[in-house]
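Throughout, a chain's letter reflects where its sequence line sits, starting with A, and its residues are numbered from 1.
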There are 2 protein chains.
Amino acid sequence: MNKCDQCIVRQLSSLKALNKEEVIKLANSKTTHKIKKGEAIFEEGEVTNGVFCVKDGVGKLSKLSANGKDQIIKLVKSGELLGQRSMISNEPANLSAKAIADMEVCFIPKSEIIHFFNNNNQFSLNLMQSVCEDLKESENDKIALVQKTVKQRLAETLLHLHDAFGENADKTLKVQLTREELAGMIGTATESCIRLLSDFNKLELIELVGKKIVLKDIKALKRLSEQL
Amino acid sequence: MNKCDQCIVRQLSSLKALNKEEVIKLANSKTTHKIKKGEAIFEEGEVTNGVFCVKDGVGKLSKLSANGKDQIIKLVKSGELLGQRSMISNEPANLSAKAIADMEVCFIPKSEIIHFFNNNNQFSLNLMQSVCEDLKESENDKIALVQKTVKQRLAETLLHLHDAFGENADKTLKVQLTREELAGMIGTATESCIRLLSDFNKLELIELVGKKIVLKDIKALKRLSEQL
DNA sequence: ATTCTAACATGATAAATGTCATAGTTATAG
DNA sequence: CTATAACTATGACATTTATCATGTTAGAAT
C-alpha cells in the first residue's frame, strides 16, 4: 500500500488538487530516494525529466559562480516541489539542488505531471500559482540586493529563516547553515557575514551558541532590516 | 471588425494558442488604451483584475524604494503580456508599469484569461512557460547582481538592450533610457552609471551621441561582461 | 587520545561604489 | 527666443565591502 495520500507533500503542494484516482496513478509512478546531507539531488545543467517532492529534510537551490562561490537562490523544505521550472520550460536545470539536512524525496516523472496539468484545472492553477509565488519572491530579492546593505540583508535573512524553519528547544535556529552558506544566501563574502554576525552578537540582536544562532531581539532585527 | 487576430500580441504571446472562436471572444471583451511616455499603466499595489497586452511601445516594470530610487525589474515590448503574475496570484500588483515610449495596450479581463486557462491546455502551458521564463531570468539577474561588478552589469545590460530592441539607422540603441533608468536596471547610482558610460566611451567600447548610445565593440563588451 | 581538516574568527588593507557638490547641456514651455 | 527645468557630467570624498593573511576552535578520522 502506497502512502502518497497521507504524504505531507500532497497536503502542501500543488498536488493537493489531485483526486483519488490520480493519487493512485502518482503512487505507482513515483520513486523514493534518500539524499544525505551534502549530496546533490540534481546538478546545474542536468536534464531531470520530472519533479522532486521533498518529503523530509532541507535542500538548497544554488548556482556555482566562476569564482567558486555558491549563490543560494532558495531553500526548500518538506512539502515543496523541486524542479518544476526547468521541467515546464523543457530545459536542463538552471540550478543545482543539494541537501543541507538529510532528505527524503520522491521523483515524479514528467509524463505524470503533464497529464495532471492537462486534465486537472485546479492542479495546473496551483502549479502556476506556486511558480508565480517564486517569481514574486525572486523579484523582491532582486530589489533587496540592490537597495539594502549587507547588514540589512543579513537581518532579513535571519528573520526569514526563523519564520520559515522555526527554532529548536534551545531557541537556536532549526536550519543549520554554515557561515559560508548564509553568506551565499545574502550574497556576500563569508568573512563579511561572519563579521556582521559578531557585530549582531555584540549588539545583543542575536546570540552565537557555537555554530548555532539564537535570535534574541526580533523587533530590533526587523527594524534594522527595514530602516532607511 | 476587430483586429485581435492580426495583432502582434496574438502572434508572440501565450495568446497564440487561442482558436478562432476564442479570439472572437477575446476581441469582444478587450479594451484598448493609449499610454503616453511617462504615464503609468498600473501602479504598485493596484488591483488590476486582468492582463495588459502590449501592442506597441516600450514599458518598464519597476519598484520604488524608500530612498526614492526606482529599481527596474524588466522592460516589456510589443507582443508581450503584462500583469500575469499578480492576476494569477490574486494579489495587487507588486510592481508599477510605466511607459518609456508611447504605448498602445489592450486590457483583457481576468475572467477571460481564466476561461482560456481552464479550457485550452496549450494556452495554459504557454502562460506557464512564460512565467517560468521570467522566473529563470529573474534568478539569473539575482546571481549577476551578486557576482558581477557594476561595470560588468552595465556591459551586460547594454548588450541585452541591443539584442532585445535593436538599433536605429544611425546605430544608436533603439530604446531610449535616461541614465537614471539605465542605472535603475543595473542596480546602481545614476552617477556611477554615467561615470562608467564615460569610461566605456573613452575605451571606445561605446560612443555617446548626445544622450543616445552606440555599441562600438560588442565583442569587447561581451568579454567584459563575462570576465572573471 | 592525537592528528587533521574544515569551519569560524578577526585584523589590515585595498577596491568598488555611493554621496554630495557643482557645473555644463539639452529640451521644453511660455 | 528666452527661461526654466530636467538631464548629463565630473570631481572630491566617505563608506561599504571584498580580499588577503593569520590564528583559533571544533569535529572527524585514525
> So which nucleotide from dA12(C), dA27(C), dT19(C) ends up closest to the side chain of Lys69(B)?
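For Lys69(B), the side-chain atoms sit closest to dT19(C).
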> Could you check how far CG of Leu208(B) sits from C1' of dT10(D), rounded to whole Å?
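Distance check: Leu208(B) CG to dT10(D) C1' gives 14 Å.
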> Taking CG from Asp199(B) and P from dA9(D), how many angstroms apart are they, rounded to a whole number?
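So the CG-P distance, Asp199(B) to dA9(D), works out to 12 Å.
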> Ser192(B) side chain N/O closer than 4.0 Å to the phosphate oxygens (OP1, OP2) of dA16(C)?
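Checking Ser192(B) against dA16(C): no side-chain N or O falls below 4.0 Å of OP1 or OP2.
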> Choose from dT26(C), dC20(D), dT19(C) the nucleotide whose nearest atom is closest to any side-chain atom of Lys211(B).
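It is dT26(C).
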> Once you round it to whole Å, what is the distance between P of dC7(D) and CD of Glu181(B)?
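To the nearest whole Å, that distance equals 9 Å.
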> By nearest heavy atom, map Lys202(A) and Val146(A) onto DNA chain C; which one lands nearer the 5' end?
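Residue closer to the 5' terminus by nearest nucleotide: Lys202(A).
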> Does a side-chain N or O from Thr188(B) land closer than 4.0 Å to OP1 or OP2 of dG18(C), or not?
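Yes, Thr188(B) has a side-chain N/O under 4.0 Å of OP1/OP2 on dG18(C).
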> Given side chains that start at C-beta, do those of Ile88(A) and Gln129(B) come closer than 4.5 Å, heavy atoms only?
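Ile88(A) vs Gln129(B): side chains touch.
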> Could you walk me through whether Gln84(B) and Met87(B) pass the side-chain contact (heavy atoms from CB on, under 4.5 Å) test, one step at a time?
CA-CA 5 Å; Gln84(B) 325 171 41; Met87(B) 194 207 71; 5.8 Å; no
> Give a yes or no on this: more than 12 heavy atoms of other residues, nucleotides or ligands lie within 6.0 Å of atom CD of Glu137(B).
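Yes, the 6.0 Å shell around CD holds more than 12 heavy atoms from other groups.
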> Would you say a side-chain N or O of Ser198(A) is under 4.0 Å from OP1 or OP2 of dT10(C)?
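Yes, because at least one side-chain N or O of Ser198(A) sits under 4.0 Å from OP1 or OP2 of dT10(C).
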> Taking atom P of dA9(C) as reference, at what distance in whole Å does atom CG of Leu196(A) sit?
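Atom-to-atom, Leu196(A) to dA9(C), this comes out as 12 Å.
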> Please report, rounded to the nearest Å, how far the C1' atom of dA6(C) is from the NZ atom of Lys37(A).
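Between C1' of dA6(C) and NZ of Lys37(A): 12 Å.
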> Whole Å only: how far is the CD atom of Glu180(A) from the C1' atom of dC8(C)?
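Answer to the nearest Å: 11 Å.
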> dT19(D), dC8(C), dA9(D): which one has an atom nearest the side-chain heavy atoms of Ile194(A)?
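Between dT19(D), dC8(C), dA9(D), the one nearest the side chain of Ile194(A) would be dC8(C).
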> So, does Lys142(A) use its side chain to make a donor-acceptor pair with the main chain of Ile73(B) at under 3.5 Å?
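Indeed, once roles are kept as given, a pair shorter than 3.5 Å links the two residues.
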> Among the candidates dT17(D), dA9(C), dT10(D), find the nucleotide nearest to the side-chain atoms of Val150(A).
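Nucleotide nearest to Val150(A)'s side chain: dT17(D).
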> Using a strict cut-off of less than 4.0 Å between a Lys/Arg side-chain nitrogen and an Asp/Glu carboxylate oxygen, indicate whether Asp199(A) and Lys151(A) qualify as a salt bridge.
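Result for this pair is no, no salt bridge flagged.
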> To the nearest Å, give me how far apart CD (Gln176(B)) and C1' (dT26(C)) are.
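In whole Å, dT26(C) C1' and Gln176(B) CD are 12 Å from each other.
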> Please determine if a side-chain N or O atom of Arg195(A) lies less than 4.0 Å away from the OP1 or OP2 oxygen of dA9(C).
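Indeed not, no polar side-chain atom of Arg195(A) lies that close.
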> I need the CG-P distance between Asn201(A) and dC8(C), as an integer number of Å.
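That distance rounds to 14 Å.
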